[in-house]
Enquirer: 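Please see the structure below; I have some questions.
Residue numbering restarts at 1 for every chain, and letters A, B, ... go by the order of the sequence lines. Just so you know, these numbers use all the heavy atoms, side chains as well, and skip hydrogens, waters and symmetry mates.
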2 protein chains.
Amino acid sequence: MTSSSPPAAATRRSRGRPAVPLDRILATALQLVDEEGAEALSMRTLAQRLESGTATLYRHFGNRATLVTHVIDRVFGEVDLDAAALADLTWDQACRTVAQAMFETLGRHRRIAPLLIEQTPTGPNAMLLRERCLAVLLGAGFPPEFAARAYATLARYVLGFAIQLTGSGDTGERARALFQDVPPDRFPATLAVAGSLPVPLAEEFAFGLDLIVEGLRAAAPVG
Amino acid sequence: MTSSSPPAAATRRSRGRPAVPLDRILATALQLVDEEGAEALSMRTLAQRLESGTATLYRHFGNRATLVTHVIDRVFGEVDLDAAALADLTWDQACRTVAQAMFETLGRHRRIAPLLIEQTPTGPNAMLLRERCLAVLLGAGFPPEFAARAYATLARYVLGFAIQLTGSGDTGERARALFQDVPPDRFPATLAVAGSLPVPLAEEFAFGLDLIVEGLRAAAPVG
DNA sequence: ACCTGAACACCGTTCAAGT
DNA sequence: ACCTGAACACCGTTCAAGT
């Protein structure tokens, strides 16, 4: 490893001033959220993982909120969307595809949802994703106002669901246990559905998504 | 005010041990959230408003989370729902009514949404509200599994929307300003809908709700 | 019994001081 | 120029000590 030290290339760690590349900060931050949850993303903890100090982070970000903005946009950048492929779909297929892609990405970073509600995503990747969605809806012939509302509904549905994902994963299990132990005389309906609750989250999401798209088709001003 | 001091009734403030009634704690906590936001609900700040100490709070609640549970259920208790009135509605009218009532309550306590995603509501009022919703869906003849999914979809939509409500109120304004300043060549679709974005939140909510209920009607296994 | 002050181990943020 | 340690004003939680 450290056999023949090179002239001036290495500077292993925090020697001169390795400048802590922004990309490494964001990758580490996202990894931190993935592994330990959104609440673990503190300036101190992040600085520790980078083997740096908190003040160094403030050179890149004015405050924690803008750090969060960048981390969120990194996640949006992972949403698997091919503009060309989208163009070949009908508008309802495209809506389902985009929402599913967003859901899958949030599934890969389950613990990031609390950060998403801290702020409206305005990073470059988020802006691009929104642009593509709106382009599909406008391309289908929907008036701007209808397209805007349709997009908002879908976005809120995905986010609302993503929040449900946040729970440590056994959310469904815990809820089911709780609902099955409910007093039968006072909560007959709750008890009746308690048994059919451990539906896989992915299926549950698809169910609601179909509902919304079906409603969109029925309400759409175009055939 | 303090004219003729009564024998042993008053004990104006933190004298003997006024025991800090739980109801006053919760009312003060909710007021604190309403006035200064969810992030302001710290044990210290709450204790200060009660003219007490943090340790006193830990006599009533094991930790901050259970305090939050109680505050949330206090909000659920405000949801205006008459079981008798619900029974006279068709299932789709009932769904709209319940979702609207929940939305209006969250509108009265806009800044509480961040607390709602910290945990699944399990307080008595939340349990009762869920029971009534599920009873309506089962009463309409929906199979338990379908009813459970329908309820989950509606609950998630309302919560997802409530999160959007959390932003200081000018969220729409800020978003509109941002979207209208976007580069026209790269974001034509975003720009096209930017003008039709400042839709009143209540209308926006109703739009999506109708979509979902319409989708439910289309997907329902009963006529 | 119930409440209190002070402590412990954390936060986000800032700033003078180092290289 | 960039990084660092230490500080400031906060957290949630606990505990010995007061009445």
Enquirer: I'd like a table of donor-acceptor pairs (distance under 3.5 Å, sequence neighbours excluded) in which one partner is a side-chain atom from residues 69-77 of chain A, with atom names and distances.
Expert:
| unit_1 | atom_1 | unit_2 | atom_2 | d |
| --- | --- | --- | --- | --- |
| A:Thr69 | OG1 | A:Ala65 | O | 3.1 |
| A:Thr69 | OG1 | A:Gln119 | OE1 | 2.2 |
| A:Asp73 | OD1 | A:Asn125 | N | 3.1 |
| A:Asp73 | OD1 | A:Ala126 | N | 2.9 |
| A:Asp73 | OD2 | A:Asn125 | N | 2.9 |
| A:Asp73 | OD2 | A:Asn125 | ND2 | 3.2 |
| A:Arg74 | NH2 | A:Asp23 | OD1 | 2.6 |
| A:Arg74 | NH2 | A:Asp23 | OD2 | 3.2 |

Enquirer: Salt bridge (Lys or Arg N to Asp or Glu O under 4.0 Å): which pairs involve residues 119-129 of chain B, sequence neighbours left out?
Expert: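 As it turns out, there is no salt bridge (Lys or Arg N to Asp or Glu O under 4.0 Å) pair with a partner in residues 119-129 of chain B once direct neighbours are skipped.
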Enquirer: Rounded to whole Å, please give me the gap between CG in B:Leu22 and C1' in C:dC2.
Expert: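 Whole-Å distance recorded here is 15 Å.
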Enquirer: Mind calculating the distance between CZ (B:Arg24) and C1' (C:dC3) to the nearest angstrom?
Expert: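 Taking atom C1' of C:dC3 as the reference, CZ of B:Arg24 is at 14 Å.
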Enquirer: How many Å lie between CG on A:Leu50 and C1' on D:dC2, as a whole number?
Expert: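 The answer, rounded to whole Å, is 15 Å.
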Enquirer: Using the salt bridge (charged side-chain N to carboxylate O under 4.0 Å, His left out) criterion, which residues pair with B:Arg108? Sequence neighbours excluded.
Expert: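 Residues passing salt bridge (charged side-chain N to carboxylate O under 4.0 Å, His left out) with B:Arg108: B:Glu78.
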Enquirer: Sequence neighbours excluded, which residues qualify as ring pair (Phe, Tyr, Trp, His ring centres under 6.0 Å) partners of A:Tyr151?
Expert: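 Not a single residue meets the ring pair (Phe, Tyr, Trp, His ring centres under 6.0 Å) criterion with A:Tyr151.
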Enquirer: With sequence neighbours excluded, tell me which residues meet salt bridge (charged side-chain N to carboxylate O under 4.0 Å, His left out) with A:Arg59.
Expert: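 Result, salt bridge (charged side-chain N to carboxylate O under 4.0 Å, His left out) vs A:Arg59: none returned.
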Enquirer: Can you tell me the distance, in whole Å, between the CZ atom of B:Phe61 and the P atom of C:dC3?
Expert: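 From B:Phe61 CZ to C:dC3 P: 12 Å.
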Enquirer: Could you label the plane-to-plane angle of the A:Phe205 and A:Tyr157 rings as parallel, tilted or perpendicular, counting under 30° as parallel and over 60° as perpendicular?
Expert: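 The rings of A:Phe205 and A:Tyr157 lie parallel, inter-plane angle below 30°.
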Enquirer: For B:Glu36, which residues count as a salt bridge (charged side-chain N to carboxylate O under 4.0 Å, His left out) partner, sequence neighbours excluded?
Expert: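 With neighbours one apart ignored, the set is B:Arg49.
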Enquirer: Think A:Ser52 has a side-chain N or O under 4.0 angstrom from the OP1 or OP2 of D:dT4?
Expert: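 For D:dT4, OP1 or OP2 has a side-chain N or O of A:Ser52 closer than 4.0 Å.
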Enquirer: According to salt bridge (charged side-chain N to carboxylate O under 4.0 Å, His left out), who are the partners of A:Arg111, at least two apart in sequence or on a separate chain?
Expert: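 Partners of A:Arg111 by the salt bridge (charged side-chain N to carboxylate O under 4.0 Å, His left out) criterion come out as none, since no residue qualifies.
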Enquirer: With 3.5 Å as the limit, what N/O pairs link the protein to nucleotides 11-15 of chain D?
Expert:
| unit_1 | atom_1 | unit_2 | atom_2 | d |
| --- | --- | --- | --- | --- |
| D:dC11 | OP1 | B:Thr45 | OG1 | 3.3 |
| D:dC11 | N4 | B:Arg44 | NH2 | 3.1 |
| D:dG12 | OP1 | B:Met43 | N | 3.4 |
| D:dG12 | OP2 | B:Met43 | N | 2.9 |
| D:dG12 | N7 | B:Arg44 | NH1 | 2.6 |
| D:dG12 | O6 | B:Arg44 | NH2 | 2.9 |
| D:dT13 | OP2 | B:Tyr58 | OH | 2.7 |
| D:dT13 | OP2 | B:Arg64 | N | 2.8 |
| D:dT13 | O5' | B:Tyr58 | OH | 3.1 |

Enquirer: Would you kindly give the CD-to-C1' distance between A:Glu39 and C:dC10, to the nearest whole Å?
Expert: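 Spelled out: CD on A:Glu39 to C1' on C:dC10 is 14 Å.
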Enquirer: Atom CG of A:Leu46 to atom C1' of D:dC3: distance rounded to whole Å?
Expert: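 Rounded to whole Å, this separation is 15 Å.
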Enquirer: Run through DNA chain C and report every stem of 3 or more consecutive Watson-Crick or G-U pairs, distances under 3.5 Å, ordered by first number.
Expert: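 In DNA chain C, stems of three or more pairs: C:4-8 with D:12-16, C:12-16 with D:4-8.
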